[in-house]
Amino acid sequence: MKIGQECLRSFPPGGQPSVPTAPRRSGWRAAGLIAVALILMAGFVVVAPYLSTTLKQGYSVFSQLASTTLGVSTITGGATATTSVGSCSSAVAIKPLTAPDITNGSADVAYPPDYCTLAQYALSLINTDRAANGTGPVALDFNQAAQQHADSMIYYRYFSHFDTQGYKPYMRYTLLGGTGADYENIAYQTYGTSPFGQLSALEGAINNLEHLMVYNDAACCNNGHRDNILNPLHNYVSIGISYNSTYVFFDEEFQNYYINLNLTVSGPSTSSPYYVSMQGTAVSGTPVPGSVYVFYDGPPAAQTRSQLNAGPHEYTPGTFIGGVLPRNVLGTCNQFLTGTTVCADKWAFGSGAVDIAFPLEQFVRDYGPGVYTLYLITGPNTDYSLTTISVFVT
């Protein structure tokens with residue numbers, strides 16, 4: 001989204017049970033380096049799923065496929081934590097830029113030679129901004145989604161939260177092993193005459209972009225970037241930095257990473273097709289979730305550079321199609337005001353142990369092939385999730 005355009009904000013789906021809320025904070029400022037071209041985008045913007053007309057978009061296209069034999073693919077099946085342990089230099093691969101497409105759960109990600117220095121510098125700016133606004137620090141993580149998307153944008157010469165493979169940020173995060181919740185900010189800067197290359201110029205660009213997103217974001221993006229940077233639930237961030245002599249692309253993938261999670265989804269040929277099992281261990285003090293929201297996207301379709309640059313650039317979590325709620329003492333559960341409600345077969349979240357299980361089959365029967373993203377919700381909307389796990393159904 002270009003500066004001056006208004007971006008979408010997040011809203012809670014209708015009928016969400018009452019859950020504790022967390023404080024929100026929000027900001028950016030213009031700076032005048034030699035020829036600066038900047039586009040900023042709020043990565044975690046979402047639709048207002050209580051609008052029933054919007055909620056049902058795509059139903060007429062996919063409901064007729066409910067009886068079709070479908071496949072299921074979720075790269076997170078059996079995956080454990082993706083937060084990296086050790087130094088930056090041991091976690092990243094410094095190599096020349098190549099086509100960074102995601103295939104079979106991996107991508108040829110190329111970190112620049114000075115990545116670790118630049119990433120630590122960006123992290124210091126982020127945590128300074130968070131501290132100035134009363135929010136605790138985030139730690140640096142090395143999920144490849146951030147660098148992969150920065151590489152993709154500069155390699156294919158586009159700027160968008162979408163990519164040439166048709167993936168959204170939370171899809172890339174899932175495909176590259178992420179099992180927490182992911183929220184993306186992206187920005188770029190260009191010089192007209194003075195080329196990038198020196199460390200001071202690169203740090204200056206990152207400083208400028210971060211400052212813009214925090215302290216002058218209202219006119220551009222309704223403080224979407226600022227809210228993302230300052231969200232108190234975020235505890236990790238992955239940084240993507242890709243540049244040449246003319247451009248610097250900057251990607252922040254903020255994460256809510258509180259559960260060492262194993263997730264499995266049964267295939268369509270099993271006796272319980274599309275059955276989701278979420279098991280793991282949550283860190284002490286993790287907010288207790290009250291529901292799982294299910295959002296739907298159609299099958300990802302490749303996009304050209306021209307299509308991506310033409311927009312729309314902002315992304316939503318897809319179409320809200322319902323969710324999953326824990327059972328009460330009577331064995332039933334409350335109902336969402338819109339969409340399908342599924343009562344969980346298991347819902348244990350206490351003393352660090354996580355054991356949640358439910359069928360996804362009804363959603364798949366209604367909507368067919370596509371991407372089903374699971375938000376384990378702890379607050380008033382999707383900004384406060386413990387997961388943004390995408391299940392790919394073919």
Side-chain angles (χ1 to χ4, degrees), residues 10 19-27 42-44 46 76 79-88 91-92 119-147 169-170 172-174 176-185 210 213-214 224-240 251-263 278 280-290 317 349-354 373-389:
S10 58
V19 291
T21 61
R24 296 202 51 160
R25 308 179 190 274
S26 298
F44 59 97
V46 300
T76 58
T80 55
T82 59
T83 47
S84 303
V85 178
S87 66
C88 176
V92 304
Q120 289 293 340
Y121 177 71
L123 179 66
S124 70
L125 296 176
I126 290 168
N127 282 333
T128 296
D129 290 331
R130 287 174 67 89
N133 288 273
T135 309
V138 293
L140 187 62
D141 176 57
F142 301 105
N143 180 282
Q144 292 185 327
Q147 188 62 36
Y170 49 84
R172 294 188 290 269
Y173 176 72
T174 295
L176 293 173
T179 56
D182 176 71
Y183 306 86
E184 180 179 88
N185 282 349
E210 173 70 12
M213 288 190 284
V214 176
H225 301 93
R226 176 183 168 91
D227 288 346
N228 199 13
I229 292 168
L230 303 181
N231 189 319
L233 193 59
H234 297 336
N235 57 355
Y236 284 94
V237 64
S238 294
I239 301 294
D251 186 309
E252 300 171 329
E253 301 285 335
F254 287 95
Q255 300 171 50
N256 301 337
Y257 188 86
Y258 291 87
I259 307 173
N260 188 343
L261 184 66
N262 292 329
L263 181 138
M278 306 172 73
T281 304
V283 301
S284 177
T286 299
V288 176
F349 200 98
S351 302
V354 177
T373 302
L374 310 177
Y375 288 77
L376 187 56
I377 297 292
T378 66
N381 54 52
T382 55
D383 291 349
Y384 299 96
S385 302
L386 299 180
T387 63
T388 56
I389 297 175

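Just so you know, these numbers use all the heavy atoms, side chains as well, and skip hydrogens, waters and symmetry mates. All figures in this text were calculated on a predicted structure; none of them were measured in a lab.
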Query raised in the report: Can any side-chain N or O of His234 pair as donor or acceptor with the backbone N or O of Asn228 at less than 3.5 Å?
Result: yes

Query raised in the report: How long is the span from the CG atom in Leu374 to the CE atom in Met278, to the nearest 0.5 Å?
Result: 6.0 Å

Query raised in the report: Does Ala146 have any side chain to side chain contact (heavy atoms under 4.5 Å, CB included) partners at least two apart in sequence or in another chain, and if so, which?
Result: Ser238, Asp251, Glu253

Report summary line: Here the gap from Leu230 atom CG to Ile126 atom CD1, rounded to the nearest 0.5 Å, amounts to 10.5 Å

Requested in this report: Evaluate the side chain to side chain contact (heavy atoms under 4.5 Å, CB included) criterion for residues Ser385 and Leu376: first the C-alpha distance (whole Å), next the side-chain angles of each, then the deciding distance (0.1 Å), finally the verdict.
Outcome: CA-CA 5 Å; Ser385 302; Leu376 187 56; 5.8 Å; no

Query - Worked check of side chain to side chain contact (heavy atoms under 4.5 Å, CB included) between Ile259 and Phe349 - result: CA-CA 11 Å; Ile259 307 173; Phe349 200 98; 3.9 Å; yes

**Report entry** Side chain proximity check, Val237 to Leu123, heavy atoms < 4.5 angstrom
**Finding:** yes

**Report entry** Separation of Tyr384 OH from Asn231 CG (nearest 0.5 Å)
**Finding:** 4.5 Å

**Report entry** Identified side chain to side chain donor-acceptor pair (under 3.5 Å) partner of Gln255 from the options Asn235, Asp182, Asp141
**Finding:** Asp141

Report summary line: The reported gap from CD1 in Ile239 to CG in Leu140 (rounded to nearest 0.5 angstrom) is 6.5 Å

Query raised in the report: Do you know which two heavy atoms are closest between Pro169 and Glu184, and how far apart they sit?
Result: CG-OE1, 3.3 Å

**Report entry** Geometric class of the Tyr257/Tyr236 ring pair [parallel <30°, tilted 30-60°, perpendicular >60°]
**Finding:** perpendicular

Query raised in the report: Gln144: what forms a side chain to side chain contact (heavy atoms under 4.5 Å, CB included) with it, not counting sequence neighbours?
Result: Val109, Tyr111, Leu176

Requested in this report: Can you see which heavy atom on Thr179 is nearest to which on Leu261, and at what distance?
Outcome: O-CD2, 3.9 Å

**Report entry** Closest heavy-atom pair and its distance - Phe142, Cys88
**Finding:** CZ-CA, 3.6 Å

Could you list the donor-acceptor pairs under 3.5 angstrom formed by side chains in residues 280-289, with sequence neighbours left out?
unit_1 : atom_1 : unit_2 : atom_2 : d
Thr286 : OG1    : Val283 : N      : 3.4
Thr286 : OG1    : Val283 : O      : 2.6

Query raised in the report: What's the shortest heavy-atom distance between Thr382 and Tyr183, and which atoms?
Result: O-OH, 2.6 Å

Query - CA sep, side-chain torsions, deciding dist, call: Thr135, Asp129, side chain to side chain contact (heavy atoms under 4.5 Å, CB included) - result: CA-CA 8 Å; Thr135 309; Asp129 290 331; over 6 Å; no

Query raised in the report: Rounded to the nearest 0.5 Å, what separation is found between the OG1 atom of Thr128 and the CG atom of Asn133?
Result: 11.0 Å

Query raised in the report: Can any side-chain N or O of Tyr170 pair as donor or acceptor with the backbone N or O of Thr387 at less than 3.5 Å?
Result: no

Report task. Working to the nearest 0.5 Å, report the span between CZ of Arg172 and CG of Asn143. Result -> 11.0 Å

Query raised in the report: Do Tyr258 side-chain atoms and Leu233 backbone N/O form a donor-acceptor pair below 3.5 Å?
Result: yes

Query - Pair Glu252-Glu210, side chain to side chain contact (heavy atoms under 4.5 Å, CB included): steps then yes or no - result: CA-CA 10 Å; Glu252 300 171 329; Glu210 173 70 12; 2.6 Å; yes

